[in-house]
Amino acid sequence: MNGEELTEQETALYDRQIRVWGADAQRRLSKSHILVSGLKGTAIEFCKNIVLAGVGSVTLNDDRIVTEEILSANFLIPHDESVYSGKSLAELCCDSLKDFNPMVRVSVEKGELSNFDVDFFDKFDVVVLSSSTLSTKISVNEKCRKLLKRIAFYAVDCRDSCAEIFVDLQNYIYSKKQGDEAVECLLEYPSFEEAISVPWRSLPRRVSKLYLAMRVIEKFEELESRIPGETSASDLPIVQKLRKQLSEAQSLDESQIPDSLLERLLEGRIEFPPVSAIIGGILGQEVIKALSGKGDPLKNFFFFDATDGKGIIEDISKQKP
């Protein structure tokens, strides 16, 4: 991000936000470039929030065509078949997002994200993956880490009334208030692959059951070559066998991953809109923190379950010797 000052138009438009987090933070936002891949309901809520916040540009990546299921969780798509006929999901969302804030450049990048080389990601400051496969999350995260510049990487997955956010800010320096003084802090983040490689037996005793269940489900989808979310309750017997195998290999009591939770995740093809709004808001807030360098960032997993209304932060990293 360069050091250009805000224009008079930007200063007037973002006046209220500048009062909250300052002109320097808003300048950083207005010069930032965000890539969002996978435009399900939660990602759409996130896109709306960061466009309204005034980032520099948002690039959308999702070549899928519109289906009834997509329409149920995506408020950016007009419910008029003549409008969206022949257009990809990213193209339709691009047209609608531009209306939220004309000062933000919104564009479309076609193609399978995992096929893009390392240099492609160099033009972005933040990369957000929504409902991506296990291999795509690992691959894209590692490509972002290979660049000289620091790219903030996020992976979000919302299934029915449950959600997970993963954050990788690499080596991240931010300012934090202690009394009347601003103190500089450093956080070291693991990659997604490093985080999920932490042995289950070394996790905190009360680690979120949702963390463990999501690892089982994403492993099942990878082994069965399933698109994330393309599951149903009929898959439960196979998933139970996989849970048993993983639990034994990790020396974990498989009762820590309840059948009821696995079944909910398997049936959660359609996102629950209120949960999408909550998670999209939290994700937007975290990205703004990362770009502005202000506020304690999330490290490194966040889980939400609407059945109890709780949000849980888990720091899942290899312990230093």
Residue that, paired with D305, satisfies salt bridge (charged side-chain N to carboxylate O under 4.0 Å, His left out) out of K310, R264, R159: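 For D305, the salt bridge (charged side-chain N to carboxylate O under 4.0 Å, His left out) test succeeds with only one of K310, R264, R159, which is R264.
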Flag yes if [X] and [Y] sit in one hydrophobic cluster, no otherwise; membership is Ile, Leu, Val, Met, Phe, Trp, Tyr, and two members link when side-chain heavy atoms are under 4.5 Å apart.
X: I173; Y: W21; result: no
X: M214; Y: V167; result: no
X: I257; Y: L223; result: yes
X: F166; Y: V287; result: no
X: L283; Y: L210; result: no

Going by distance alone, is a donor N or O of one side chain under 3.5 Å from an acceptor N or O of the other, for T136 and S139?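 No - no donor-acceptor pair under 3.5 Å links their side chains.
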Under 3.5 Å, is there a donor on one side chain and an acceptor on the other for Q240 and D259?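 Their side chains do contain a donor-acceptor pair, which is all the 3.5 Å distance test asks for.
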Checking the side chain of [X] only, and the main-chain atoms of [Y] only, is there a donor and an acceptor separated by less than 3.5 Å?
X: S88; Y: D63; value: no
X: S247; Y: R243; value: yes
X: N49; Y: G280; value: yes
X: E271; Y: A163; value: no
X: N61; Y: E109; value: yes
X: D125; Y: H33; value: yes

Kindly compute the distance separating [atom1] ([X]) from [atom2] ([Y]), expressed to the nearest 0.5 Å.
X: K137; Y: S114; atom1: NZ; atom2: OG; answer: 13.5 Å
X: S232; Y: E263; atom1: OG; atom2: CD; answer: 10.0 Å
X: F220; Y: L262; atom1: CZ; atom2: CG; answer: 11.0 Å
X: S208; Y: F302; atom1: OG; atom2: CZ; answer: 10.0 Å
X: K294; Y: Y174; atom1: NZ; atom2: OH; answer: 14.5 Å
X: E221; Y: L266; atom1: CD; atom2: CG; answer: 8.0 Å

Within a 6.0 Å radius of atom CG on L147, are there more than 12 heavy atoms belonging to other residues, nucleotides or ligands?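 Yes, the 6.0 Å shell around CG holds more than 12 heavy atoms from other groups.
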Under 6.0 Å from the CD1 atom of I65, do we count more than 12 heavy atoms belonging to anything else shown?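 No, CD1 of I65 has 12 or fewer neighbouring heavy atoms, counting only those of other groups under 6.0 Å.
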Do [X] and [Y] have side-chain heavy atoms sitting under 4.5 Å apart?
X: K209; Y: Q256; value: yes
X: V55; Y: S30; value: no
X: I77; Y: L89; value: yes
X: L129; Y: F153; value: yes
X: F121; Y: I151; value: yes
X: Y189; Y: Q170; value: no
X: L35; Y: F120; value: yes
X: K98; Y: P102; value: no

At their closest point, which heavy atom of [X] faces which heavy atom of [Y], and how far apart are they?
X: L169; Y: P297; answer: CD1-CB, 3.9 Å
X: K176; Y: C185; answer: CB-SG, 3.8 Å
X: G284; Y: I50; answer: CA-CG2, 4.3 Å
X: S130; Y: G38; answer: CB-O, 3.0 Å
X: V198; Y: S317; answer: CG2-C, 3.8 Å
X: T307; Y: S161; answer: CG2-OG, 4.4 Å

Between [Y] and [X], is the closest basic N to carboxylate O distance under 4.0 Å?
X: K244; Y: E248; answer: yes
X: D296; Y: K289; answer: no
X: K299; Y: E286; answer: no
X: D168; Y: R145; answer: yes

Could you go through the side chain to side chain contact (heavy atoms under 4.5 Å, CB included) check for I279 and I165 one step at a time? CA-CA 8 Å; I279 301 305; I165 297 174; 3.7 Å; yes
With side chain to side chain contact (heavy atoms under 4.5 Å, CB included) as the criterion, how do L203 and L212 come out once you've worked through the C-alpha distance, each side chain's angles and the decisive distance to 0.1 Å? CA-CA 10 Å; L203 295 173; L212 299 170; 4.1 Å; yes
Show, in sequence, the C-alpha distance, side-chain angles and deciding distance for Y14 and N101, and conclude whether the side-chain hydrogen bond (donor to acceptor under 3.5 Å, both in side chains) test is met. CA-CA 11 Å; Y14 304 128; N101 188 347; 2.9 Å; yes
May I have the step-by-step check of side chain to side chain contact (heavy atoms under 4.5 Å, CB included) for I34 and S32, ending in yes or no? CA-CA 7 Å; I34 320 292; S32 64; 4.1 Å; yes
Go through Y211 and F301 one step at a time and tell me if the ring-ring contact (aromatic ring centres under 6.0 Å, His included) criterion holds. CA-CA 8 Å; Y211 170 77; F301 281 92; 5.3 Å; yes
Start with the C-alpha gap between F304 and I312, add the side-chain angles, then the distance that decides, and say whether side chain to side chain contact (heavy atoms under 4.5 Å, CB included) holds. CA-CA 6 Å; F304 180 80; I312 300 173; over 6 Å; no
Begin from the C-alpha positions of R215 and E164 and carry the test salt bridge (Lys or Arg N to Asp or Glu O under 4.0 Å) through to its verdict. CA-CA 11 Å; R215 305 289 74 79; E164 172 186 88; 3.0 Å; yes
Kindly indicate, with the supporting measurements, whether the criterion salt bridge (Lys or Arg N to Asp or Glu O under 4.0 Å) is fulfilled by K87 and D95. CA-CA 11 Å; K87 286 190 174 183; D95 293 340; 2.9 Å; yes
Full working for salt bridge (Lys or Arg N to Asp or Glu O under 4.0 Å) between K219 and E222: CA-CA 5 Å; K219 186 67 175 178; E222 193 78 5; over 6 Å; no
Which pairs with one or both residues in residues 110-123 pass salt bridge (Lys or Arg N to Asp or Glu O under 4.0 Å), sequence neighbours excluded?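 For residues 110-123: E91-K110.
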